[in-house]
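Notes follow once the structure below has been shown.
Chain A is the first sequence line, chain B the second, and so forth, proteins listed ahead of strands; every chain is numbered from 1.
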Amino acid sequence: MPKEEAEEPNVAGPEITETPAAALERAREAAANRDPEGMATALYASPILDGLVRRIDQRYHRLQLEDAQDAVAEAVEALYAAVSQGRRIFSLGGYLWKVASRKAFDMDRRARGETIVDETKLEALAGAAAEGTDADIAAQERRAEQREKALKTARALLPQLGQKNLRQVMGYIFDALEAGEVDVPGQEIADALGLSLGTVHTSLSRGFRRLERLAREKGLLTAEFRELATELSETEDEQHD
Amino acid sequence: MDNVAKQSPDLQDAFDGVMRQAYEISAEVGAEVEAVLEAGTAHPLSLDEARALIKKVFTIIVQRAEERGDRETVSALAPDLDAAVDRVLKSRTPQVGPRKSQRLELKSHNGIDPGPVRPTPHYYGRAVPMNGGFVNTRDITLWEQNIRLDIHLDQFRRTYGREPDAQERLDIMGSKLQLPGITGDDEFAIADLARSIAANGVQRPPVIDLDGTLLDGNRRLAACNYILENDEFDATQKQRAEHVFVWQLSEHATDEDRHTVVVALNFESDHKEPWPHYVKARKVFEEWQALLALETEVPNARRQAQMKREVSLRFALGPETTVVNRYLRMVEWADAFETYHVIDKKRDEYVVKHNASEHFEYFDELSKGARPGSVAYTLIQDDAYKHLVFDLLLEGKFKRWDQIRKLGKIATNADARKYLMEARAASELEDGQDLVDDAITVATQADPKKREVGANSRIESFVDWLEQLPVKSFRDVIEPENLKKLLHALALVEKHVKSSLKDAGAPSG
């Protein structure tokens, strides 16, 4: 029995002539060739831009639709800047989602009157240079210096993680952090290190836990992190007994 | 490393930031990206919205390109931004004119016309308007994202290198299409359901989407097709199965409506074949991972508890987080089990997955205990022992899940552990199971708390009773199975008894 056809109002709905994955790859290629119009055309051929705006709008009720569009536009620009400058992005969809949702989150916090604490994160994520007074710039430089020191400290703990897989996977994450990567999917790590996705996930889960334990022993964690680590440990004990 | 960092709050803050960023960048967002694509397909931007967005994109790109001195990008867009925006918008085809959609229309049958379902169905306090009417059974398509079939569909894709078509999905549900690792003849109990439907009709309307995709009632549909294709059923029964009364979502239904319907009708028991725990737990785990990915900083314990409550409510698991926590632990252990067998032992992925599904309740027991001596603690500390347990589990040598509780005691008892290793090596399943029983017996015997109480009086009573038992009872009264058990038990303890008597300087008979 043939299915009935229904008339619907005119919307800019995409006719599926290629898969979203193919469209995203086309976008990547265009950005790598410094063709922003080509990139935008490819992204628009897939439902990714529509979906990003809709999901952000749905999730952050305080924001207007315009704000959701701003967040998505920033994410697309960040993607273009990263790819056109030769940065390696494993998953364009994941990258766009992380940057856009982070931007929207910050807008939401501003709307609630909260301040954004860690500007180095914004810089790392969006590549946007912060401007301000000399004091601001000095503070930023100090934070950048401390961050470099913290990364070195974290790396120094890696040999104590034990299993080789854990060391390799966590090392990869820190490499990515240093390179300013925004999104490092498990599959990327699995492909790079020749591990299964399951092993990567397990290694990440264990790696973070052990790293936190080591950091706690060495007094590296803030009070908030110590509280989190202690509460999690106590909760787990209660549940397992 | 010394504790210099304690005196440096700046370094602590910076380390905190590094850890949080590490979590953030490594968070998997695959499921969220899928949801984004679905949302974009279901609710595309209007032309005005798209224009505003693309214009913003180009404006920011030009601005940032100027800041970093990227002349090539600036000159690619700057001359006429609006024209570039127009070209992008026109690139989406087709745009003008009505969009045709595939809609499965409800029809009349046996004097019953289609119409709104009254009262409006409610799921978790949410009204989901639907229309009721008849459709041809063969026009309904199995739900592609049916979690019940997740492993099977993945296995099919891997085996045949393509998606199964509608008939093949039905064949999988009807256990006609054999895939490695599936042990049951009728895994989804379709034949029994078909006989019930043949006799009584479909009692509860399946729920379908606008395009005819099933959201609830995959087994009922598979059963109707089973009736149509089997000679076991007569013409009248086949005729009854040709049309089915369904509830169909309205054109105003949202993704949240679909999710609510699926969860309400599949997560709660309603005397139907529910999703196995393995499937439910995986779904809960995925939802948890998706929520974690959205957190822009590491959630503290209170926030995690709140998130888990949200997950629990979302899946109708109650206001407490007990079930969610349990499911998360079980999935982690199932993953460890699968990783070991697939990666280390190079076993077939889907055989292992089916096995994990079959033994999923065992992972609950495996995950318990954070203190020394408990099962989970012991397995985490001792990889070799953990792998031994995983091997025994895969081979089906644990007869019951409660045997898992004894693994903590067995680990610290060399004799008991030896029995487990022999169990793994046993080629016959029953022999292996018996050896596991022996391991438990030995370990339990060694448990001073459990076994010491009343030991002397028990033995005195038993020996008195045994010595006074008429000999012919062994032949006429006691069942052979019990005789075997008695002999087995005596042989097991003989060695220990003789050793104890020797130590005590007493004759051993």
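With a threshold of 4.5 angstrom between heavy atoms, A:S91 does not approach chain B through any atom at all. Only the backbone of A:N33 comes within contact range of chain B, with at least one heavy atom under 4.5 Å from a heavy atom of that chain. Proximity to chain B (any heavy atom under 4.5 Å) is shown, for A:I189, by neither the backbone nor the side chain. Proximity to chain B (any heavy atom under 4.5 Å) is shown, for A:L52, by both the backbone and the side chain. Of the two parts of B:V29, only the side chain, counted from C-beta on, holds a non-hydrogen atom closer than 4.5 Å to a non-hydrogen atom of chain A. Interface remark: B:A305 contributes no atoms to any contact with chain A (heavy atom separation under 4.5 Å). Neither the backbone nor the side chain of B:R303 has a heavy atom closer than 4.5 Å to any heavy atom of chain A. Proximity to chain B is absent for every atom of A:L96, based on heavy atoms less than 4.5 angstrom apart. Using a 4.5 Å cut-off between heavy atoms, B:F58 touches chain A through its side chain atoms alone. Using a 4.5 Å cut-off between heavy atoms, B:I61 contacts chain A through both its backbone and its side chain. For chain A, the nearby part of B:V33 is the side chain; its heavy atoms alone come within less than 4.5 Å. Proximity to chain A is limited to the side chain of B:I54, based on heavy atoms less than 4.5 angstrom apart.
There is no side-chain donor-acceptor pair under 3.5 Å between B:D48 and B:S46. If you check the side chains of A:Y172 and A:E188, you find a donor sitting under 3.5 Å from an acceptor.
Contact count versus chain A (heavy atoms, under 4.5 Å) is highest, among B:A39, B:S26, B:A84, for B:S26. Looking only at heavy-atom pairs under 4.5 Å with chain B, the residue among A:L43, A:V169, A:D70 that has the most is A:D70. Most heavy-atom pairs under 4.5 Å with chain B, from the set A:Q187, A:Q58, A:E148, A:Q85: that is A:Q85. Comparing B:A336, B:A27, B:A293 by heavy-atom pairs within less than 4.5 Å of chain A, the highest count is held by B:A27. With chain B as the partner, the residue from A:I173, A:L211, A:V200, A:L177 showing the most heavy-atom pairs under 4.5 Å is A:L177. Taking chain A as the reference chain and counting heavy-atom pairs below 4.5 Å, the highest number among B:V62, B:V342, B:L294 is found for B:L294. The candidate with the highest count of non-hydrogen atom pairs below 4.5 Å against chain A, out of B:T339, B:I60, B:T322, is B:I60.
For the pair B:D383 and A:Q163, the minimum side-chain heavy-atom distance is below 4.5 Å. A:Y80 places a side-chain heavy atom less than 4.5 Å from the side chain of A:R34. Contact check for A:R55 versus B:E32: side-chain heavy atoms found under the 4.5 Å cut-off.
Ion pairing between a basic and an acidic side chain is recognised when a charged N comes within 4.0 Å of a carboxylate O; B:R51 and B:D86 show such pairing.
Summarising the local packing, CD of A:E66 is surrounded by 12 or fewer heavy atoms from other residues, nucleotides or ligands at distances under 6.0 Å. The neighbour count for B:R71 CZ, taken as heavy atoms of other residues, nucleotides or ligands under 6.0 Å away, does not exceed 12.
To the nearest 0.5 Å, atoms CZ (A:F174) and CD1 (B:I25) are separated by 9.0 Å.
In this structure, B:R92 contributes its side chain and A:S46 its backbone to a donor-acceptor pair below 3.5 Å.
If you run side-chain hydrogen bond (donor to acceptor under 3.5 Å, both in side chains) between A:R54 and each of B:E49, B:E38, B:H43, only B:E49 comes through.
Ring geometry for A:Y60 versus A:F105: interplanar angle over 60°, hence perpendicular rather than tilted (30 to 60°).
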